[in-house]
Amino acid sequence: MTTNHSPIILIPSYNSGKPLLGTVSEALTESPYPVWVVVDGSTDNSEGTLAPLQKAYPERLKLILKPVNEGKGAAVRTGCQRALKEGFTRALVMDSDGQHPADHIVPFLKASQQKPEAMVLGQPIFDENVPLERLYGRKLSVWLVQLETLSTHVGDPLYGFRVYPITPLLEVMGNGKRSNRYDFDPEVAVRLCWKKTPCIKIPAPVKYLNAEQGGISHFHYLRDNFRFILLHTKLIIELIFRLPVLLFR
């Protein structure tokens with residue numbers, strides 16, 4: 001396994017609105033690494049919003065424009081595929097809506113450098129603005145992922161502030177038929193655990209912006225929770241077939 005540690009910061013974005021500029025600006029100023037923004041079929045002129053930063057950081061900021069919205073996971077796949085071709089080996093993925101702490105980029109990537117084969121998982125520290133339905137709903141996801149991995153290696157399967165080794169990530173994402181939308185975060189965490197990828201967990205704050213601050217959520221409770229139900233049903237069925245190997249470990 002290569003020990004080369006060449007990271008990028010990867011920010012998938014779909015109609016992120018006002019927070020996008022601040023998120024990308026903080027990622028550029030808080031770290032020395034390349035920042036790639038995958039604009040996932042946005043219709044809010046994201047590229048125009050980021051034009052001043054492109055002029056200020058022409059060597060470090062890259063925009064990848066997708067014509068059609070395909071989801072967070074698909075955007076991460078697109079970015080990682082291109083990054084791998086350009087010689088990058090690690091991707092720190094963070095949300096575009098200002099929820100994730102840019103000042104934790106450097107510590108997360110240092111942890112990744114010390115153990116390049118590992119994925120570095122953020123452990124969310126919530127503020128008082130967290131919606132209660134999300135706070136309690138994610139507890140079920142935590143329990144299901146613990147069942148599916150037969151471990152507590154993945155502390156929070158829904159917190160997307162993470163560092164991935166790119167090659168194993170693309171391997172578990174498959175040929176593009178899975179892990180494309182909000183199911184991306186829990187599914188790849190489970191599949192990387194099945195692949196014996198080590199986990200490093202680091203606490204990190206998460207903040208929820210209100211409407212006045214420009215907070216936007218594209219999470220559809222009925223549709224996307226149904227996707228989670230299908231995902232965990234599929235993973236538990238796969239677990240049954242993998243059980244002898246996992247128990248042997």
Side-chain angles (χ1 to χ4, degrees), residues 1-16 20-21 23-28 30-97 100 102 105-106 108-109 112-113 116-121 160-185 187-189 191-192 195 197 218:
M1 177 180 295
T2 180
T3 57
N4 177 35
H5 187 268
S6 181
I8 64 165
I9 301 164
L10 186 61
I11 304 177
S13 176
Y14 171 65
N15 286 349
S16 302
L20 177 61
L21 182 63
T23 298
V24 177
S25 178
E26 288 181 0
L28 287 163
E30 290 284 349
S31 79
Y33 305 106
V35 176
W36 289 17
V37 181
V38 182
V39 180
D40 186 27
S42 295
T43 58
D44 64 351
N45 190 34
S46 295
E47 57 270 33
T49 299
L50 296 176
L53 289 178
Q54 283 194 295
K55 291 181 180 179
Y57 299 92
E59 302 297 323
R60 289 180 52 210
L61 177 58
K62 178 174 183 176
L63 265 61
I64 300 173
L65 305 180
K66 299 186 65 174
V68 178
N69 173 253
E70 295 181 307
K72 176 182 178 178
V76 171
R77 180 189 289 107
T78 296
C80 284
Q81 287 171 337
R82 297 196 187 185
L84 192 63
K85 290 179 180 178
E86 295 192 22
F88 295 100
T89 61
R90 304 290 178 274
L92 183 146
V93 179
M94 64 185 297
D95 288 351
S96 60
D97 58 3
H100 294 161
I105 290 173
V106 170
F108 270 56
L109 286 173
S112 172
Q113 187 171 13
E117 71 276 17
M119 56 176 166
V120 183
L121 305 174
F161 190 73
R162 299 173 174 176
V163 182
Y164 295 103
I166 291 177
T167 296
L169 174 64
L170 290 174
E171 288 173 354
V172 301
M173 291 187 76
N175 59 7
K177 295 182 179 180
R178 66 186 183 205
S179 308
N180 286 326
R181 295 192 176 271
Y182 282 112
D183 54 357
F184 163 77
D185 290 313
E187 181 165 18
V188 298
R191 293 190 182 280
L192 284 168
K195 198 176 176 64
T197 303
H218 299 291

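Just so it is clear, the structure is predicted and the values come from calculations on it, not from any experiment.
- Between Thr89 and Ile166 the shortest side-chain heavy-atom distance does not fall below 4.5 Å.
- Taking the side chain as every heavy atom from C-beta outward, Glu30 and Val106 never approach each other to under 4.5 Å.
- Partners of Phe161 under the ring pair (Phe, Tyr, Trp, His ring centres under 6.0 Å) rule, at least two apart in sequence or in another chain, are His100, Phe108.
- Arg60 contributes a side-chain N or O that, together with a main-chain N or O of Tyr33, makes up a donor-acceptor pair within less than 3.5 Å.
- Of all the heavy atoms in Gly79 and Val38, the pair that sits closest is CA-CG2, 4.1 Å.
- Leu192 CG to Tyr164 OH: the interatomic distance, rounded to the nearest 0.5 Å, is 7.5 Å.
- Side-chain contact between Cys80 and Leu169 is present, with at least one heavy-atom pair separated by less than 4.5 Å.
- For the atom pair Leu10 CG and Lys62 NZ, the distance stands at 11.0 Å (nearest 0.5 Å).
- Arg90 places a side-chain N or O within donor-acceptor distance of the main-chain N or O of Pro116, the cut-off being under 3.5 Å.
- Side chain of Arg162 to backbone of Asp185: a donor-acceptor contact under 3.5 angstrom is found.
- Partner Lys72 forms a salt bridge (Lys or Arg N to Asp or Glu O under 4.0 Å) with one of Asp40, Asp95, Asp97, Asp183 and no other, that one being Asp95.
- Arg178 approaches Glu171 most closely through the heavy-atom pair NH2-O, 4.4 Å.
- Minimum interatomic distance between Ile64 and Arg82 (heavy atoms only, all atoms of both residues): CG2-NH1, 3.4 Å.
- Atom CE of residue Met94 and atom CD1 of residue Ile105 lie 4.5 Å apart, to the nearest 0.5 angstrom.
- For Arg191, the salt bridge (Lys or Arg N to Asp or Glu O under 4.0 Å) partners two or more places apart in sequence, or in a different chain, are Glu187, Glu238.
- Minimum heavy-atom separation, Ser112 to His5: OG-NE2, 3.1 Å.
- Proximity of Thr23 to Ser16: side-chain heavy atoms (C-beta onward) are nowhere separated by under 4.5 Å.
- Using a distance-only test at 3.5 Å, with no hydrogens or angles considered, no donor-acceptor pair links the side chain of Ser6 to the main chain of Phe88.
- One finds the CG atom of Leu21 at 10.0 Å from the CD atom of Glu26 (value rounded to the nearest 0.5 Å).
- Residues Pro12 and Ala75 come closest through the heavy atom pair CB-CB, 3.8 Å.
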| Going through the distances and angles, do Asn180 and Arg77 end up as a side chain to side chain contact (heavy atoms under 4.5 Å, CB included)? | CA-CA 8 Å; Asn180 286 326; Arg77 180 189 289 107; 2.6 Å; yes
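- Nearest heavy atom pair, residue Pro168 against residue Pro165, reads CD-O, 3.3 Å.
- Note that the OH atom of Tyr14 and the CZ atom of Arg181 stand 9.0 Å from one another [nearest 0.5 Å].
- Expressed to the nearest 0.5 Å, how far CG of Leu109 lies from CD1 of Ile8 amounts to 10.5 Å.
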